Amino acid sequence: NTSGNGSISRKNQVILQCLDMLSPLEGKYFVRIICGELRLGLSVRSLLDVFSISIMGDKSIKSELESAYGVCADIGYIGSVVLDSKKENVVKNLITISAQPGIPVLSRLVQRVGSFEELSERFKESVILQPKFDGLRCQIHKWEEEDEKSDISKSIIWKQFKKGSTNDSQNLFEINNNSKIQVKLFTRNLEDVTEMFPEIVDSAKKMKQTSFILDSEIVGWDFKKGKFLSYQETMQRRRKYSVQSMREDIPVRAFTFDLLYLNGKSLIHTDTKDRIKQLERELSTTQEGIVLAESKSFSLDSDIKEYFDKCVKEGLEGIIVKQENGGYRPGIRNYEWIKVKKSIDKELVDTVDMVVVGYYKGSGRRSSFGLGAILGAIYNEKKDRFDAICKIGTGMSDEILTEINSKLENILSDQKPKGVEVVDILTPDVWVIPKYVITVDADEITKRIGEEKIGGGYSLRFPRLIEWNRDKSANDVTTISEIEKMFLMRKSI
DNA sequence: AATGTCTGCCCC
DNA sequence: ATTCTGC
DNA sequence: GCAGAATGGGCAGACATT
């Protein structure tokens, strides 16, 4: 009853009825639960604490629980293991839990670094370099399902189905259902995206290995130009409908850079250089949807920047630098895996001067500052006005946040100031008179096609405040044509 | 049937 | 994603 | 040094409205 026609109205009715029955205090918490703002330990991390306390009476087996969940990210399963265990066996049982195709492993995350100097300070031995792709993280699982009695009856039904059908896709469906080979794809957040990328599933099935878990990045590929598609284009493949037609328009490949499990054995604790060695052996014959990402061994005194430049030139986002030793470390972000993005190069950062024309109320710890984010505008020289194109909500310390609020307080405007336009989705909580100029950095200038009327449709990817209240007049902010020039320059590279 | 508005254990 | 802050 | 909590653009989908 929570979806379909009129579902929003029905939900509203139910909520109103509930609120009616509750006391004001109860109502407060009820609303927080609905809004997902009640921090009551419903996160996985807190749940693991609960498991520890429930059996040990304290948090003493927290680390064992976290490791087990890392390689087998099914909180229900972890919970059942704890509940089925006796106190004296629980640690042993948790340590026994191993990676298993079909259940996602927490993705290892990557620490960012601001310069090559910082990189050379971090590592003492030689390292492995891999390209950094701008796409969707994807874990590819393949395994063989055990024989089940129900399979027999299933196959009979499917054979009958096939008789009356010559349709290719239905035949494919039939084969998949009869086959014991299973494939699943998971995103970084453990979302099942198997149905969205059939070319990757097909390739996984064609591979000779009976079971594996691969770590990869899905990126769209332009076969005509022989180069990567943009992140925005790749993202269009993350869809429920029209998968087959989009498969032709935006074909993707999974660039595979790690191997976590192979033919029944977990490799989570195997050293990175050995996992990659094995990956290269197994993926030596190239598939269509699953391809091997390049890995290069580099000694630290050699020219890492040269490889970095080569990757950037090819349209990649930068490089990943990995320590040779050490296991996969699910869910961990530390300096054993480091990313160097092309945006560390000041030449490749888009720096924009904007004028503040509004702000948004903050939430959580930002609510006390009276402000959570600000609205930035560039100058539209053709229309002689300020066009607001992008919000800025990071890069400000508590101190600066306080100062911004105190300054903006004096120039409030109860309506949109004259000479200001805004993309409607960006309409701020509070308008202010254009006065204060800020500097904003961004990794990329993006363009919304069909929205060119305001600010040329341009916006910023990963905007962050670099400087507040520059000693500049509002007339000196970046213009649309300057933004356009920056946009076209990046595109041509 | 087209357009508008909002959301997502969303992706980055 | 980026950035800042608290532990 | 790490995790957590603020915040960004933008996509497809789900409903609502016209």
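Fair warning: this is a prediction, and the values are worked out from it, not measured in the lab. Quick note on labels: first sequence line is chain A, next is B, and so on, each numbered from 1.
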Between B:dC9 and B:dT5, how far is it from one C1' atom to the other, in whole Å? 23 Å
Quick check: on DNA chain D, is the nucleotide nearest A:Y335 upstream (toward 5') of the one nearest A:S242, or the reverse? Name the residue that is more 5'. A:Y335
A:K391 vs D:dG8: side-chain N/O to OP1/OP2 distance below 4.0 Å: yes
Upstream residue (5' side of DNA chain B) when A:K132 and A:I75 are each assigned their closest nucleotide: A:I75
Under 4.0 Å, counting only non-hydrogen atoms across every strand here, what does A:T234 touch: a base, just sugar-phosphate, or nothing? nothing
When you match A:I425 and A:R333 each to their closest nucleotide on DNA chain D, which lands nearer the 5' end? A:R333
Rounded C1' spacing from B:dC12 to B:dG8 in Å: 14 Å
Can you tell me how far P of B:dG8 sits from CE of A:M235, to the nearest Å? 15 Å
Would you call A:K322 and A:D271 a salt bridge, using N to O less than 4.0 angstrom? no
Base, sugar-phosphate alone, or nothing: which one does A:L460 contact when heavy atoms must sit under 4.0 Å apart? sugar-phosphate
Qualifying residue, where the test is side chain to side chain contact (heavy atoms under 4.5 Å, CB included) with A:K342 and the options are A:V312, A:L316, A:D443: A:V312
Considering every strand and a 4.0 Å limit on heavy-atom distances, what is the contact class for A:D398: base, sugar-phosphate, or nothing? sugar-phosphate
Is A:R45 close enough to D:dG4 that one of its side-chain N or O atoms is under 4.0 Å from OP1 or OP2 there? yes
Identify whether the distance between the nearest side-chain nitrogen and carboxylate oxygen of A:R237 and A:D249 falls below 4.0 Å. no
Would you classify A:L465 as touching base, sugar-phosphate or nothing, given that sugar-phosphate means primed atoms plus P, OP1 and OP2, and contacts are heavy atoms under 4.0 Å? nothing
For A:R122, answer base if it contacts any base atom (sugar-phosphate contacts may also be present), sugar-phosphate if it contacts only those atoms, and nothing otherwise; contact means non-hydrogen atoms under 4.0 Å. sugar-phosphate
Which base sits across from D:dA12 as a Watson-Crick or G-U pair, both distances under 3.5 Å? B:dT7
Heavy atoms only, 4.0 Å cut-off, all strands: where does A:E191 land among base, sugar-phosphate and nothing? sugar-phosphate
Output the rounded distance in Å from CH2 (A:W468) to P (C:dC4). 16 Å
Charged N-O contact under 4.0 Å between A:K416 and A:E421: yes
pair A:E336-A:T272: side-chain heavy atoms closer than 4.5 Å: no
As a test of reading the structure: which of B:dT5, D:dC2, B:dC12 is closest to the side chain of A:D424, going by heavy atoms? B:dT5
Any A:S230 side-chain N or O less than 4.0 Å from OP1/OP2 of D:dG10: no
To the nearest Å, how far apart are A:I466 CD1 and C:dT3 C1'? 10 Å
Whole Å only: how far is the CZ atom of A:R464 from the C1' atom of D:dT7? 13 Å
Base, sugar-phosphate, or nothing: which does A:Y241 touch, judged by heavy atoms less than 4.0 Å apart? sugar-phosphate
Within this structure, what is the CG-to-P distance between A:L426 and B:dC6, rounded to whole angstrom? 13 Å
According to a strict under-4.0 Å criterion, is A:K339 in side-chain N/O contact with OP1 or OP2 of C:dT2? yes
How many angstroms lie between OH in A:Y335 and CZ in A:R122, if you round to the nearest 0.5 Å? 4.5 Å
Tell me if the side-chain of A:T394 makes a donor-acceptor pair with the base of C:dT2, cut-off 3.5 Å, by modelled atom types. yes
Nearest whole angstrom, please: distance from the P of C:dT2 to the CZ of A:R461. 9 Å
Out of D:dA14, D:dG8, D:dC2, which nucleotide sits closest to the side chain of A:Q111? D:dC2
Would you kindly give the CZ-to-P distance between A:R137 and B:dC12, to the nearest whole Å? 8 Å
When you check the phosphate oxygens OP1 and OP2 of C:dA1, does a side-chain N or O of A:K341 lie under 4.0 Å from one of them? no
Within 45° cone and under 6.0 Å: A:R461 NZ/CZ vs A:Y231 ring: yes
Using 0.5 Å steps for rounding, measure from the CZ atom of A:F487 to the CD atom of A:E444. 8.5 Å
Between A:R448 and D:dG10, is there a contact of a side-chain N or O with OP1 or OP2 at under 4.0 Å? yes
Go through B:dC10, D:dG13, C:dA1 for me and flag the one nearest to the A:R238 side chain. B:dC10
Would you tell me if any nitrogen or oxygen in the side chain of A:N189 comes within less than 4.0 Å of OP1 or OP2 on B:dC10? yes
NA contact type, A:R112, heavy-atom cut-off 4.0 Å: base, sugar-phosphate, or nothing? base
For D:dG9, does either OP1 or OP2 sit under 4.0 Å from a side-chain N or O belonging to A:T446? no
Quick one: is A:Q236 getting a side-chain N or O under 4.0 Å of the D:dC11 phosphate, OP1 or OP2? no
Under 3.5 Å for both donor-acceptor distances, Watson-Crick or wobble: does C:dT2 have a partner, and if so which one? D:dA6
Under 4.0 Å between a side-chain N or O of A:K447 and OP1 or OP2 of D:dG9? no
Measure from CZ on A:F462 to P on C:dT3 and round the result to the nearest Å. 11 Å
